[in-house]
Amino acid sequence: MSTPSSILQDSEKQGRRSLDVCVEDITDKSASDFEADVAARVPKLRGRKLRAALAFIAGTGFTLFGYDQGVMSGLLTGNQFEATFPQVVVDSAHPNHATLQSFIVAIYEIGCLVGALSNLWIGDRLGRRRTIFWGGIVMTVGAVLQTTSYSYAQMIVARIVTGIGNGLITSTVPSYHAECSHASNRGSFIMFEGTMITLGLTLSYVSDRMAMSYTGLTLILPKWIDFACYFATGSPLQWRLPIALQIILEFILAGGIMYLPESPRWLVKRGYNAEAIGVLSAIDDTDPLDPEVRKTFIAIREAVAMEGDVNKGSLKELFTGGKSQNFRRAATGVVCQAVQQLTGINLVSYYATILFQRLGMNEVDSRIVAACNGTEYFLASFLAIYFIDRAGRRKLMLIGTAGCCLTMTLLAILGAIDTPAAQIVSAVLLFGFNTFFALGWLGMGWLYPAEIVGIGIRAPANALSTASNWTFNFLVVMIVGPAFNSISWGTYLVFAALNFITLPIVYFFFPETAGRSLEDMDIIYAVAYNEGVSPVKVSFRKDLPEAGSPEADEILGLSAMRMRSAASNSQEQE
């Protein structure tokens, strides 16, 4: 790679910040040498094949996101798992085991929390690719430890290690995908986190719009694998095999990610301009000199210039206000991730088999229905994929939250009635809850925080928002088991109330990001600050200039910055 230059000095050369920017503005090389440098660094994969590879390889990281969670719900009540870990057996003689049962599931989130918080310091240093790679390596080690566990304590440690790797991945992949996609299809691109593995791995049959949502794949595979292995009642493979199979996905992730290009926005931030232009042209499958590539590149440089020196402390920048509104934007991402967990999805995801058993089903039937529940979840995820860039983020969040609130309320009422007919309707409502959650929050919790923040704080902000996800994930999973033992179906009523509270939070504080580039969000928040209005209101305006234009420079205050810098340089020369 070429030696990084100062982004701030780079942004001030010759006072040009529009499409008339020249090669000398971004490099000390001649035009011919710089163009040759760019051509040499264009990735081999281009266009649709590159986007498919991005969706498949990086999306595999998000398939791993919930594999341990989805697989564990079916293992908890398996006879071989209970024989190895008697602490998870909840009966009249051991009612306190409900907490231990919840703990072996929820401790995974503590590891994820540690991994996500690690990105506060290493995310921007390592870059998106290397962070994902090391996350995959750590997850592999954790999966091996889980598969070979023979005691409750060993399993606890193994799940923490696995979680640390997953925390690194889940706090990086959304940023990586968002930074490698266009505003027009960014939502559906991130919703399609994994490719349709079960339908074939050949890239020639997979386009950037022929993949499936990561959580859909996450829930389908483990639940059907659980069901298949359940009948191995005389062998520890009943639970060891489902856990071990995730290692295949981890090898795919760690082995494949290093063949993909780095995020063009991270490259610009670090001063690797030739590489960034090469990646942008490869994503578009166009010539590096194409006007659209140049326009996107300039807009990214504008965003970096607004943040100032790339060596400034990112953690400190998280708490700044002004035109960048970094604190407000980071806080919005944190709240978004917390809200996703407080809908109550993990009540269904982690304890699906147990919930269906509570509705009067036997062990075999409960596993079949739980697997069907995960399959329906996968199918419902296509609704969000279709509507995310058409209806926008806010509408889906509001509709999904309202639906989750309604289904939780009905589940509480039917749980109080507790008749055979009520149990049947309750089972159907659990499928309905998945549908509403898939529409409003399935991928939204990961997409939105990556979109809402600026490039200068994207890595640490997403580390915090992901840490928020895992924190509330842990709390929810820990309280569900004891809550059902204490207040039974009243547990559903708690989540109904939390969903109801979420509605005004989304309506008043979450701006619309659909159709906007990542750099356009800087304009929205700057205008809101300048005019003293809500960013939500500004996000619907059609008269905002595009990022990278002279009008956008004026709004962001870059013109004044350059004038001050030029005057200062003139005084120093005199």
Determine whether a donor-acceptor pair (N or O, by modelled atom type, separation under 3.5 Å) exists between the side chain of [X] and the backbone of [Y].
X: Asn166; Y: Thr162; answer: no
X: Lys323; Y: Ile555; answer: yes
X: Arg329; Y: Ile452; answer: yes

**Message:** For Tyr259, I'd like to know if atom OH has over 12 heavy atoms of other residues, nucleotides or ligands within 6.0 Å.
**Reply:**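 Open.
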Quick check: closest heavy atoms across [X] and [Y], and the distance to 0.1 Å?
X: Ala53; Y: Leu260; answer: CB-CD2, 3.7 Å
X: Gly47; Y: Asp285; answer: CA-CB, 3.6 Å
X: Leu45; Y: Ala282; answer: O-CB, 3.9 Å
X: Val536; Y: Phe508; answer: CG2-O, 3.4 Å
X: Thr286; Y: Arg46; answer: O-NH2, 2.7 Å

State whether [X] and [Y] are salt-bridged, where the test is any N-O pair (Lys NZ or Arg NE/NH1/NH2 against Asp/Glu carboxylate O) under 4.0 Å.
X: Asp522; Y: Arg516; answer: no
X: Glu179; Y: Arg128; answer: yes
X: Arg130; Y: Glu262; answer: no

**Item:** Atom pair CG/CD of Asn473 and Gln341 - distance to nearest 0.5 Å
**Value:**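 Here the rounded value is 4.0 Å.
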**Request:** Could I get the full list of side-chain contact (heavy atoms from CB on, under 4.5 Å) partners for Ile479, not counting sequence neighbours?
**Result:**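 Partners of Ile479 by the side-chain contact (heavy atoms from CB on, under 4.5 Å) criterion come out as none, since no residue qualifies.
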**Message:** Once side-chain contact (heavy atoms from CB on, under 4.5 Å) is applied, do any residues pair with Phe436, and if so which ones, sequence neighbours excluded?
**Reply:**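 Checked Phe436 against side-chain contact (heavy atoms from CB on, under 4.5 Å); matches are Cys404, Thr407.
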**Asked** Mind checking whether Phe510 and Tyr448 have parallel, tilted or perpendicular rings, split at 30° and 60°?
**Response**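 Answer is parallel, since the angle falls under 30°.
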**Request:** Could you label the plane-to-plane angle of the Trp266 and Tyr272 rings as parallel, tilted or perpendicular, counting under 30° as parallel and over 60° as perpendicular?
**Result:**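 Aromatic pair Trp266/Tyr272 classed tilted.
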**Request:** Could you point out which residue of Ile137, Ile122, Ile132, Thr466 forms a side-chain contact (heavy atoms from CB on, under 4.5 Å) with Leu168?
**Result:**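 Of all the options given, the one that passes is Ile122.
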**Message:** Using side-chain hydrogen bond (donor to acceptor under 3.5 Å, both in side chains), reason through Trp446 and Ser465 one step at a time and then give a plain yes or no.
**Reply:** CA-CA 9 Å; Trp446 305 97; Ser465 63; over 6 Å; no
**Prompt:** Between Gln337 and Ser468, does any side-chain donor sit less than 3.5 Å from a side-chain acceptor?
**Reply:**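 The answer is no; no qualifying pair exists.
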**Asked** Do Ser175 and Arg458 have a side chain donor and acceptor closer than 3.5 Å?
**Response**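 Checked: Ser175/Arg458 side chains show no N/O donor-acceptor pair below 3.5 Å.
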**Request:** Run through Asn462, Thr131, Asn119 and flag the one making a side chain to side chain donor-acceptor pair (under 3.5 Å) with Ser171.
**Result:**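 Considering Asn462, Thr131, Asn119, a side chain to side chain donor-acceptor pair (under 3.5 Å) with Ser171 is found only for Asn119.
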**Request:** Could you tell me whether Arg129 sits above the aromatic face of Phe133, with NZ or CZ closer than 6.0 angstrom to the six-membered ring centre and within 45 degrees of the axis?
**Result:**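 Arg129 over Phe133 ring: no.
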**Item:** Cation-pi check, Arg394 onto Tyr507 ring (under 6.0 Å, within 45° of axis)
**Value:**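 Yes, Arg394 sits over the ring of Tyr507.
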**Message:** Quick check: do Ile345 and Phe433 have side-chain heavy atoms less than 4.5 Å from each other?
**Reply:**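 Answer yes - side chains close enough.
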Can you name the residues that form a salt bridge (charged side-chain N to carboxylate O under 4.0 Å, His left out) with [X], not counting sequence neighbours?
X: Glu546; value: Lys295
X: Glu519; value: Arg265
X: Asp290; value: none

**Message:** Strictly by side-chain hydrogen bond (donor to acceptor under 3.5 Å, both in side chains), give each pair with a member in residues 527-538 just once, sequence neighbours left out.
**Reply:**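 Checked against side-chain hydrogen bond (donor to acceptor under 3.5 Å, both in side chains) - neighbours excluded - the pairs reaching residues 527-538 are Glu531-Arg541.
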